[in-house]
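Below is one structure, written out as structure tokens; the observations come after it.
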Amino acid sequence: KKIQIINGPNLNLLGKREPGIYGDVSFEDYLRQLRAACPQCEITYFQSNSEGELLDKIHETGFVCDGIVLNAGAYAHTSIALHDAIKAVTAPVVEVHLSNIYARETFRHHSLLSPVCQGVILGFGMDSYRLAVEALNK
Ligand code: DQA
């Protein structure tokens, strides 16, 4: 299956950003492991710090791939535009967060994306992405 992973703002800093919360592995290194663990999936990856570029990538891939794994970072808590984009496309979207957002500051407790995603996986660090890919690969 064709799975698109999309990471939002600040996730380009994975590995160096608050390692106590997000771990010390870069996403590029993790992606190598994930592709090896899931050879039957064709996994493509995109990261942007810009909301508009995330919207464009959802529009571009959301009608042609078999599923999107989306960690929208802080935009999960703020973006009605991402909510609308997820609703607009035909591919199922799994929302992912590395951290358990419900165990953190209250401003992270609400996601505008969860209601329009097929499912949500959070709190398992990088392994959250593998769980999401497996869910979409069914
Ligand atoms: C995050 C959680 C968000 O609250 C935060 O803004 C992020 C990362 C996570 O993966 O745990 O940037 O999406």
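The shown structure was predicted, so the numbers you read here are calculated from the model rather than taken from an experiment. Read the numbers this way: they start at 1 and go in the same order the structure lists the ligands and their atoms.
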Run the side-chain donor-acceptor check on residues 33-43: report pairs under 3.5 Å with partners two or more places apart or on a different chain.
residue	atom	partner	partner atom	Å
Arg35	NE	Ile43	O	3.2
Arg35	NH2	Ile43	O	2.7

Using 4.0 Å as the upper bound for N to carboxylate O, is an ion pair formed by Asp84 and Lys87? no
With sequence neighbours excluded, what pairs up with Glu134 under the side-chain contact (heavy atoms from CB on, under 4.5 Å) test? Arg130
Starting from the N and O atoms of ligand 1, find every protein N or O within less than 3.5 Å and list the pair with its distance.
residue	atom	partner	partner atom	Å
ligand 1	4 (O)	His77	NE2	2.7
ligand 1	4 (O)	Arg108	NH1	2.9
ligand 1	6 (O)	Ala74	N	3.2
ligand 1	6 (O)	Arg108	NH1	3.0
ligand 1	10 (O)	Asn71	ND2	2.8
ligand 1	10 (O)	Leu98	N	2.7
ligand 1	11 (O)	Leu98	N	3.2
ligand 1	11 (O)	Ser99	N	2.9
ligand 1	11 (O)	Ser99	OG	2.6
ligand 1	12 (O)	Arg17	NH1	3.2
ligand 1	12 (O)	Arg17	NH2	3.1
ligand 1	13 (O)	Asn71	OD1	2.9
ligand 1	13 (O)	His97	ND1	2.7

What residues, two or more places apart in sequence or in another chain, satisfy ring-ring contact (aromatic ring centres under 6.0 Å, His included) together with Phe27? Tyr30, Tyr45, Tyr129
To the closest 0.5 Å, what do you measure between OG1 (Thr44) and NZ (Lys57)? 7.0 Å
Evaluate the side chain to side chain contact (heavy atoms under 4.5 Å, CB included) criterion for residues Ile5 and Ile68: first the C-alpha distance (whole Å), next the side-chain angles of each, then the deciding distance (0.1 Å), finally the verdict. CA-CA 6 Å; Ile5 298 178; Ile68 296 177; over 6 Å; no
